[in-house]
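Input: a single structure, listed below in structure tokens.
Read the numbers this way: they start at 1 and go in the same order the structure lists the ligands and their atoms.
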Amino acid sequence: MATGCSTCYFYRHGIPAKASHFMRGSAARNCERVWTYSGTVGSSPGNRVKRNERGFILCCSPANKSLNLSSDERDDNWNSKDRRGNGNRSFSETGLSATEDRESAFENVNGALDVEDMAADGANNQSRSADELLQFDNSGIPGNTVEDKYWWETERVDKENVRPSTDILGITGEREKDDSGRYRIRNGREVYGERTYLVGIDCKGAGKRSLFSINDSLEELAQLADTAGLVVVGSTYQKLESPNPKTYIGFGKVAEIHSAIRAFDVETIIFDDELSPGQLRNLEKAFGGDVRVCDRTALILDIFRQRAATREATLQVELAQFEYQLPRLTRMWTHLERQAGGMVKGMGEKQIEIDKRILRTRISALKAQLESVRDHRQQYRDRRAAVPIPVVSLVGYTNAGKSSFLNRLSGADVLAEDRLFATLDPTTRRVELPNSKECLFTDTVGFIQKLPTQLVAAFRATLEEITDSSLLVHVIDISHPMAKQQVSAVNNVLADLDVQHIPLLTVWNKIDRVENPGKLKDEAAALENTICVSALTGEGIDCFYDAVERNLKDLMVWIEVVVPYDQGDLISIIHRLGIVDEEAYIEQGTLIRAHVPLSLSRKMSDLRQIMM
Ligand SMILES: Nc1nc2c(ncn2[C@@H]2O[C@H](COP(=O)(O)OP(=O)(O)OP(=O)(O)O)[C@@H](O)[C@H]2O)c(=O)[nH]1
Ligand SMILES: [Mg+2]
């Protein structure tokens, strides 16, 4: 049975606290202070229990008045205010009877989840009154029956009998015993393999349907989590008309996940969509202080942060992260409001304002720094434009094989690996086509469905590489079961970038991995500007070059110019970039009839005789 003082976050959620909860995970590692704990809260005396970064007192016992605290620490707690309005009270006053305890726990669950605001709950979990909540039928979760337990009181349930409703990865949730094995190397950095549980919703409402089915979307989220170094132990989803404005998922689902958290020792919960600051706050309260709640956007931002290798990428990711954090800052300081007695009331509010100001200043500084980086990139592009070599940009879904393809075309050694977002910075390489014409190929950052808007905004300088291209090559992993949906997601981002006017060549990559390549090649042949290739084996590369030459020629204009004999270098540029049909030597200079890139023809407007 859960007991504890009024400031104990676990107690207030009625969760039987265990020392193991507190000693594991990021919360514990970021603790500010270590308190000696002994008492009745689920573990043996003498365990050392920590106070986490948010200031939650993770464990303290009403039965034990002799907590080994400094006088300051003791004051903090003795001044803590009872949520039921009893004013300040000491530890000794928190020794409740079982019934009182249950009521208190219920009240606190109410407080945490704003039950009265739950009317907007989705179809599967209609809004529940307080009484209904007490009687909530958790029979879907073995080990939780209404007769003998309230859901928040559930002792640790038998792991064998509890499984998330959907286990997309087929991971059984076996627990590792030794934490030292949980550090993994990701992109040269050591990351902690937190036990992670994924949650999504299958929206049925008009206009809410996503490109991906819920299972596919969760599978992708699992891949993202793996890329970030997390260990996915399970997942679940709920069918809803639209997301619950308070908690994203319905109230019943919150309860179910609550059980799964304990069953699988979950440390992080990731939601498949971006949560509003309010949803995030409510869910954090509902799941308890030592479970990190985050969303797809935060996860993607985290991966970008791990992968950023250049100054530009680092600045861009930092900016996106700050923009994301700004409206969510309040949750970090709620502990001050909770701990505030009469004297320090409102302190939390002030701190939020201070922090928001610091963050805004930081954002302005980052934007200024990025502006100078952007200028630098623009100068580089201007210099490139001065030598009018056509630029071909490789775009596509993350992991489609863009970098592998660039490596194949140019012999470059861009990092290509079976992980999402391997490339963040554009890489440009000069490639000589079989007709001896030169062009530049640029590898870009990959796209993904639900791409965070903060990232698109922050990466605008990088993405401008795409908008300046002569030709776009959309690389698609045709062997991927979700290839069609990935194409739509990429087209959506391209539409946002306003590049529809640039000609597009479609490349079906990884043809070596499909079962029936012949059939696919026939399909591709029937489509316009679509080529089948394998970056791995080099198959189809010749057809690709032909298609690039064809497309670039289509972009050229026909000119007839007389180049004075003292501008011989211009003739060599025309030969290098254009296709010369005729060359004759006349009195005024060299007469050339050729197809050249538009940019080059503009440079020769003075010399032009005829242009069509
Ligand atoms: N079998 C096969 N694997 C490929 C092919 N092209 C790429 N791959 C593999 O696909 C994975 C992803 O390749 P990348 O080149 O890193 O993909 P990307 O599009 O650059 O990915 P991001 O940089 O994350 O956007 C790597 O493991 C490659 O080895 C191919 O033609 N056939
Ligand atoms: Mg790449």
Is the backbone of L471 close enough, under 3.5 Å, to the side chain of N551 for a donor and an acceptor to pair up by distance? no
ring-ring contact (aromatic ring centres under 6.0 Å, His included), that's the test. Do F271 and Y248 meet it? Break it down for me. CA-CA 9 Å; F271 287 80; Y248 175 76; 5.3 Å; yes
Can you check whether [X] reaches [Y] side chain to side chain, under 4.5 Å on heavy atoms?
X: Y397; Y: V475; value: no
X: V317; Y: R305; value: yes
X: F447; Y: T398; value: no

Would you mind finding which of [options] brings a heavy atom closest to [atom]?
atom: atom 15 (O) of ligand 1; options: A422, G538, S404; value: S404
atom: atom 27 (O) of ligand 1; options: D418, T227, V475; value: D418
atom: atom 9 (C) of ligand 1; options: H480, K510, R307; value: K510

Would you mind running through ligand 1 and noting each atom that sits below 4.0 Å from a heavy atom of [X]?
X: A416; answer: 14 (P), 15 (O), 16 (O)
X: L420; answer: 24 (O)
X: N509; answer: 5 (C), 6 (N), 31 (O)
X: G446; answer: 25 (O)
X: R513; answer: 1 (N), 2 (C)
X: D512; answer: 1 (N), 2 (C), 30 (C), 31 (O), 32 (N)
X: L536; answer: 1 (N), 2 (C), 30 (C), 31 (O), 32 (N)

Using 2.8 Å as a strict upper limit, say whether an N, O or S atom of T423 approaches the Mg ion (ligand 2) that closely. yes
The Mg ion (ligand 2) to nearest N/O/S of S403 below 2.8 Å: yes
For N399 and D477, test the side chains for any donor-to-acceptor distance below 3.5 angstrom and give the result as yes or no. no
Between ligand 1 and N399, is the shortest N or O to N or O distance under 3.5 Å? yes
Step by step, would you call F441 with F405 a ring-ring contact (aromatic ring centres under 6.0 Å, His included)? CA-CA 10 Å; F441 275 87; F405 196 53; 7.6 Å; no
Tell me, please: is G396 in heavy-atom contact with ligand 1, that is, under 4.0 Å? no
Note: E220-R296 ion pair, threshold 4.0 Å (strictly below): yes
Give a yes or no on whether a salt bridge exists between R408 and E539, defined as a side-chain N under 4.0 angstrom from a carboxylate O. no
Taking atom 17 (O) of ligand 1 as the reference point, the nearest protein heavy atom with its distance: G401 N, 3.1 Å
Considering only the protein, which heavy-atom contact is closest to atom 31 (O) of ligand 1, and what is its distance? A535 N, 2.9 Å
